[in-house]
Participant: 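A single structure is presented below for examination.
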Protein chains: 2
Amino acid sequence: MSENQQDNKIDDYQKPSLTVDNLLFAIADEPSDNIRKLGNKKLQILLIKRNYEPFENCWGLPGAFMQMEESFLETSTRVLNEKMKLSNIYFEQLYTFDDIKRDPRTRVVSVAYLALINKVNVARSDDANLCWFTVEISKKQIVLNDEHGNKIDLNNAQLAFDHSKIIRMGVERLQNKVEYSNIVFGLMQKEFTIAELQQVFELILDKKFTKANFERKLRDKIEPTNQYRTSGFRPAMLYKTKEN
Amino acid sequence: MSENQQDNKIDDYQKPSLTVDNLLFAIADEPSDNIRKLGNKKLQILLIKRNYEPFENCWGLPGAFMQMEESFLETSTRVLNEKMKLSNIYFEQLYTFDDIKRDPRTRVVSVAYLALINKVNVARSDDANLCWFTVEISKKQIVLNDEHGNKIDLNNAQLAFDHSKIIRMGVERLQNKVEYSNIVFGLMQKEFTIAELQQVFELILDKKFTKANFERKLRDKIEPTNQYRTSGFRPAMLYKTKEN
DNA sequence: TCAAAAGTGTTGCCCGTACACCCATGT
DNA sequence: ACATGGGTGTACGGGCAACACTTTTGA
């Protein structure tokens, strides 16, 4: 952050507005209809229905204008806490969006944050405008679904502002980091079976693994607790993320 | 970029200032003292000596306040063109820095851009305050050197603002992307030998390769021209980056 | 002839993949 | 008994690292 010699009165010029937008992802469990089969997991994202201009009645990412005395992370947690009480969130800066016309009113620059929670900790929100959308990732497209069967295809910009683009970039980041970091554990509960972890990988990467190979791939990142998940057939060992 | 319902007059609140800072990297050639040896390459970064407050007389990254009618990229190219005429620059957004106290005067948020050039295209600058510093990357630290033997250790913050941190992050990004993208060609001339490319990899990653293995590693990213570099001993095939 | 670099071939190891097989459970 | 998932072993192949060797040049 340097400046030209001429810029001495730095508060004395017109500034863009600055907002923070949140991509909050979580995993939902969907019990199986067949008692002999595992339940399905879904990747979800939190959206808010805008009942104000601009983009009134569109779905968009929950965000807020940044205040002078708070950092991005503080803005971000403030928003999420106003909407629903949350804790233990994994946060990571995604990208800063600056298209000049991205907001029809005036120049607004937005810093997007990627946030992950394990959904067990979600206190129900009293904001009727909030909704968890299922994120269906495939090679060709990303489609969001709400619980009433409404579909939003991210290739057609049906969301507010450039939020479709932001979500696509967020999914891409998630896909990349799942492969080489521990980011996936931000979506898991403290204890989980290998099959559950595998399902989450498969959801995010739109790709199937085999049990044996998946176990070897993750072996050095997890360690067994000595407890079992019995809600199924043969009890499955519960694992947790390896310390250090 | 959403907001609370209450925020209707969006220009009617105090906003942080917004700047763009540039990490401009290039490769310098240093001819060998021994005629029987190859010359050395160095990674360099462009810094500017601040002759104004704050951090007067400190070195810092060249940057500027963003104007209402320009995007980050436009701010970035404006700065670099004001300082020295450049073209064909590779640009990539690095990160957005928002520590509340990073600027002692007031709240300033800075978007950092990573930029790469091949130095052949550098028109000499008439700004005496600009200087190319050599970047020495090792496992423990990053040290900057100017041509007069002055050293700046990035572990001690001797640069303006949080620019040490920004440079460390930029080097890290460069190291990561060199391994899995074509970013390195932004630093190379149009035609280059494999040995030159190998030297640049070794500089950035602080790691040695063997010829045979390095050739195999890069084989699918480059293609031979049918020209040779004769300035050495046995002439070396010149390569260029593979199209498609 | 010799030092340095250009260029190529061989080998072994590690890791990801495919696939096969047995174990444990409750209906 | 059987379907389903849990869990483990084996075998193949590609890619990377180590290393050895030949070729080419100018002094």
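Below, chain A is the first sequence line, B the second, and so on; all start at residue 1. Any value given below was found using the heavy atoms of this structure, including those in side chains, with hydrogens, waters and symmetry copies removed.
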Participant: How many whole angstroms separate atom OH of B/Tyr228 from atom P of D/dT23?
Facilitator: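 Computing the B/Tyr228:OH to D/dT23:P distance gives 16 Å.
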Participant: Starting at atom CZ of A/Arg229, determine the distance to atom C1' of D/dT4, rounded to an integer number of angstrom.
Facilitator: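 That distance rounds to 17 Å.
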Participant: So what does A/Ala212 hit on the nucleic acid, given a heavy-atom distance under 4.0 Å: a base, only sugar-phosphate, or nothing?
Facilitator: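 Result for A/Ala212 = base.
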Participant: How many whole angstroms separate atom CE of B/Met237 from atom C1' of D/dT25?
Facilitator: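 Going from CE in B/Met237 over to C1' in D/dT25 covers 16 Å.
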Participant: Can you check whether any acceptor in the base of D/dT10 is under 3.5 Å from a donor in the side chain of A/Arg216, or vice versa?
Facilitator: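 For A/Arg216, whose side chain was compared with the base of D/dT10, there is a donor-acceptor pair (under 3.5 Å).
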Participant: Locate the shortest heavy-atom distance separating B/Leu24 from B/Ile117; write the atom from each residue and the value.
Facilitator: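 Taking every non-hydrogen atom into account, CD1-CG2, 3.8 Å.
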Participant: Name the closest nucleotide to the B/Lys207 side chain, picking from C/dT25, D/dG26, D/dA17.
Facilitator: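 Of C/dT25, D/dG26, D/dA17, D/dA17 is nearest to the side chain of B/Lys207.
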Participant: In whole angstrom, give the distance that lies between atom CG of B/Leu218 and atom C1' of C/dG7.
Facilitator: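 These atoms are roughly 15 Å apart.
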Participant: Quick check: on DNA chain C, is the nucleotide nearest A/Thr210 upstream (toward 5') of the one nearest B/Tyr239, or the reverse? Name the residue that is more 5'.
Facilitator: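 By nearest-heavy-atom nucleotide position, the 5'-most residue is B/Tyr239.
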Participant: Tell me: CD of B/Glu215 to C1' of D/dC16, nearest whole Å?
Facilitator: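 So the CD-C1' distance, B/Glu215 to D/dC16, works out to 13 Å.
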Participant: Report the C-alpha distance between A/Phe192 and A/Phe185 in whole Å, list the side-chain angles of each, state the deciding distance to 0.1 Å, and finish with yes or no for ring pair (Phe, Tyr, Trp, His ring centres under 6.0 Å).
Facilitator: CA-CA 10 Å; A/Phe192 47 83; A/Phe185 299 116; 5.8 Å; yes
Participant: Select base, sugar-phosphate, or nothing to describe what A/Leu38 touches, counting heavy atoms under 4.0 Å on all strands.
Facilitator: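 Sugar-phosphate only.
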Participant: Do we get B/Lys42 above B/Trp132's six-membered ring, with its NZ or CZ under 6.0 Å from the centre and within 45° of the axis?
Facilitator: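 No, cation not above the ring by the 6.0 Å, 45° rule.
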Participant: So what does A/Lys217 touch, heavy atoms closer than 4.0 Å: a base, only the sugar-phosphate, or nothing?
Facilitator: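 The residue A/Lys217 makes no contact with any strand.
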Participant: Whole Å only: how far is the CD atom of A/Gln198 from the C1' atom of D/dG7?
Facilitator: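 For the pair A/Gln198 CD and D/dG7 C1', the rounded distance is 12 Å.
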Participant: If you only use heavy atoms from C-beta on, which nucleotide in C/dA18, C/dA6, D/dG7 is closest to the side chain of A/Asn213?
Facilitator: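 Nearest listed nucleotide: C/dA18.
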Participant: Could you walk me through whether A/Lys208 and A/Glu202 pass the salt bridge (Lys or Arg N to Asp or Glu O under 4.0 Å) check?
Facilitator: CA-CA 6 Å; A/Lys208 293 289 176 190; A/Glu202 292 180 342; 3.6 Å; yes
Participant: Take atom CD of B/Glu196 and atom P of C/dA5, then tell me their distance rounded to the nearest Å.
Facilitator: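 So the CD-P distance, B/Glu196 to C/dA5, works out to 13 Å.
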Participant: What integer distance in Å separates A/Tyr180:OH from C/dG16:P?
Facilitator: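 Result: 17 Å.
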Participant: Between B/Lys211 and B/Glu215, does the salt bridge (Lys or Arg N to Asp or Glu O under 4.0 Å) criterion hold? Intermediate values first, please.
Facilitator: CA-CA 6 Å; B/Lys211 271 184 305 186; B/Glu215 191 274 341; over 6 Å; no
Participant: With a 3.5 Å cut-off and just heavy-atom distances, do the side chain of B/Lys37 and the base of C/dA4 make a donor-acceptor pair?
Facilitator: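 No pair found.
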